[in-house]
Colleague: 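Can you keep this structure in mind? I'll have questions shortly.
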Amino acid sequence: MTKRPRVRFAPSPTGGLHLGGVRTVLYNYLFAKKNGGDFVLRIEDTDQSRYVPGAEEYIFNCLDWVGLTPDESPLHGGPFGPYRQSERKPMYRQYAEQLVKAGHAYYAFDTPEELEKMRQDFKTEQNPSPQYDHTLRMKMRNSLSLSEAETQQLLDSGTRHVIRIKMPEQETISFTDMIRGEVSFDTSLVDDKVLLKADNMPTYHLAVVVDDYLMQITHAFRGEEWLPSAPVHILCWKYLFGLDQMPQWAHLPLILGPNGKLSKRDGAKYGFPVFAMNWTDPKTNELTEGFREKGFLPEAFINLLALLGWNDGTEKEIFTKEELINAFSLDRVHSAGAKFDYEKAKWFNHEWIKNADASALKPVVKTILEEKGLTVNDEALLEKVIGLVKDRCTLLPDFYEQAGFFFQRPAVLDTESVKPKWNDAKNLFFAEVIRNFELSPVWEAHELEANFKEIAAANKIKPGEVLMPFRIMLVGGKFGPHVFDIAALLGKEETIHRIKNALSLFA
Ligand code: GLU
């Protein structure tokens, strides 16, 4: 690589950031960091009609949460700013004019009504949605169909107009995509896209080329939905700056649901955003739950995203961010769509929770418990509890069920599971357990278990008959880690209290 790599993530602030968007960020980031380059975040807000207030802040917050911090952005600044396209508005017209002068673009004066009429007049069975292209452009009102004088007169009188690219006829445009290899397009099939709108705002097609050039972008990663626009961008590069300046393109494959395309309706289930949006989604009119609210760890989230369409050539699946930076290479990104499987995503999270240090999980678990109304005063206890139950937690809210009873006595006990087989012998047994526990000089799981079983043997009771009731006494139901570990952490006084309380309910 000759030039220092510079990559960009260029979201439009039109909604939440979904799986595919964050994967694009991630591949940008990994590529930049692996090759000692810069990761730029550029906000593409030229389409003001689709602008959603709050969406930009949301994007920053998402990147913050996943720990993929840009080197340059509207927030972080940098030598190539501004990084918000609306703030770069005055820069674009000159490039569009340059294309007009060179004969690669033209002024088009058609009104919305005239455009609609064209769509109606030229609609045929074979061509149900006619486009503004080389077959129709001479039938429209533009600087190619009108005389120079007419054009000048319209411009002088301030007539609203756009600038459109003049797509050449029957030219083949080819480029080498870093993921798909050689890709070719027939320019005759592409319409004359608008480059500059009537309000002097560029469209995405012009802005992406001008900004990638001015920001010295070397590699451009984007979703494959942009592939059909590539010939427009490549021609703009060719006409304006020369193809040797053009970044290398990588069009990332779609993320698919288990049964094919990840449909909008599957959204809530599979494509949900990184975290709940702080505005009401205009499309669904609902606040959407995201990966963060579902209880994913950011480390697990980027790990599972990295593996959606990439692997390191081995069976290895669990990667830290640093490991990903080291191992990442574009030639191992698959060109076929990657299947997103929510169950597999949960598996990643479970692995990350299981392997995390209890101390690292402490703040987030504390928040979860406190949000549910529990008070956690003893941080040392919390850390021990996390260590004890984390193997059983797939998503972070599972900590409430698995650990909540350490901080709050169970509100209800599953007495139904105990009462039918309850008898005096069990009452006597637990009375003896209480006495034994009260006198016990050590309060340690192993010791408690040994004593409990000894008493059972002495009373001719099978441990199996009293273990489940004991568990229900302590946690309220048939769940949780090893029951003597629970008792050890609850402490003598609390354990005895819970046994006594339960006995009054079981009898
Ligand atoms: N603004 C485009 C989008 O929202 C970015 C495409 C690109 O990265 O070139 O997806």
Side-chain angles (χ1 to χ4, degrees), residues 5-32 37-52 54-60 62-63 68 70 72-74 80 82-89 92 95 165 175 177-180 183 193-195 197 201-237 240-241 245-255 262 264 271 273-274 277 283 309 330 333:
R6 287 179 56 77
V7 301
R8 87 297 191 276
F9 175 56
S12 299
T14 53
L17 206 47
H18 292 249
L19 280 180
V22 192
R23 193 191 53 177
T24 306
V25 179
L26 180 62
Y27 285 6
N28 266 301
Y29 180 92
L30 296 176
F31 183 84
D38 302 318
F39 167 45
V40 178
L41 175 75
R42 181 173 73 222
I43 297 291
E44 303 209 325
D45 56 352
T46 57
D47 190 350
Q48 299 285 329
S49 64
R50 293 176 60 227
Y51 185 80
V52 175
E56 185 181 317
E57 194 195 344
Y58 177 90
I59 291 167
F60 287 124
C62 285
L63 296 197
L68 304 175
E72 298 166 30
S73 83
F80 297 90
Y83 291 92
R84 212 176 264 120
Q85 285 180 332
S86 57
E87 291 168 19
R88 303 170 67 80
K89 187 175 169 187
Y92 302 105
Y95 294 101
I165 188 166
F175 74 99
D177 186 274
M178 288 186 283
I179 293 171
R180 324 175 142 253
V183 187
K193 294 260 184 270
V194 173
L195 298 178
K197 292 183 270 189
M201 233 355 161
T203 59
Y204 165 64
H205 303 298
L206 179 64
V208 69
V209 172
V210 169
D211 286 343
D212 282 350
Y213 171 74
L214 294 176
M215 294 183 180
Q216 298 181 13
I217 299 304
T218 59
H219 299 79
F221 299 79
R222 61 183 178 187
E224 83 179 0
E225 66 273 21
W226 293 109
L227 200 54
S229 307
V232 180
H233 305 156
I234 291 167
L235 282 176
C236 287
W237 271 99
L240 287 171
F241 310 118
Q245 300 290 314
M246 187 169 76
Q248 280 182 266
W249 293 101
H251 289 89
L252 302 174
L254 292 175
I255 295 183
L262 198 59
K264 283 242 166 67
V274 181
M277 297 173 218
K283 282 174 222 116
L330 274 176
V333 174

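Just follow the structure's listing: the first ligand is 1, and inside any ligand the first atom is 1.
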Colleague: Take the angle between the ring planes of His233 and His205 and call it parallel below 30°, perpendicular above 60°, tilted in between.
Modeller: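 His233 vs His205 ring planes: tilted.
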Colleague: When you check the gap from the basic side-chain N to the acidic O, do Glu44 and Arg84 get nearer than 4.0 Å?
Modeller: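 Answer for the salt bridge query: no.
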Colleague: If you look at each N/O of ligand 1, which protein N/O atoms lie under 3.5 Å away, and at what distance?
Modeller:
| residue | atom | partner | partner atom | Å |
| --- | --- | --- | --- | --- |
| ligand 1 | 1 (N) | Ala10 | O | 2.8 |
| ligand 1 | 1 (N) | Ser12 | OG | 3.0 |
| ligand 1 | 1 (N) | Glu44 | OE1 | 2.6 |
| ligand 1 | 4 (O) | Ser12 | N | 3.3 |
| ligand 1 | 4 (O) | Ser12 | OG | 3.1 |
| ligand 1 | 8 (O) | Arg8 | NH1 | 2.8 |
| ligand 1 | 9 (O) | Arg8 | NH2 | 2.9 |
| ligand 1 | 9 (O) | Tyr204 | OH | 2.3 |
| ligand 1 | 10 (O) | Trp226 | NE1 | 3.3 |

Colleague: When the side chains of residues 208-217 are checked against the rest of the protein, which donor-acceptor pairs come out under 3.5 Å, sequence neighbours left out?
Modeller:
| residue | atom | partner | partner atom | Å |
| --- | --- | --- | --- | --- |
| Asp211 | OD1 | Arg88 | NE | 2.8 |
| Asp211 | OD1 | Arg88 | NH2 | 3.1 |
| Asp211 | OD1 | Tyr92 | OH | 3.3 |
| Asp211 | OD2 | Gln85 | NE2 | 2.9 |
| Asp211 | OD2 | Tyr92 | OH | 2.7 |
| Asp212 | OD1 | Arg8 | NE | 2.9 |
| Asp212 | OD1 | Arg42 | NH1 | 2.9 |
| Asp212 | OD1 | Arg42 | NH2 | 3.0 |
| Asp212 | OD2 | Arg8 | NE | 3.4 |
| Asp212 | OD2 | Arg8 | NH2 | 3.2 |

Colleague: Specify the closest pair of heavy atoms between Ser73 and Tyr83, including all atoms of both residues, with the distance to one decimal.
Modeller: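 Minimum heavy-atom contact is O-CD1, 3.6 Å.
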Colleague: Report yes or no: do His251 and Arg180 form a side-chain donor-acceptor pair below 3.5 Å?
Modeller: no
Colleague: Could you state the interatomic distance from CD (Glu224) to CD1 (Ile255), rounded to the nearest 0.5 Å?
Modeller: 11.0 Å
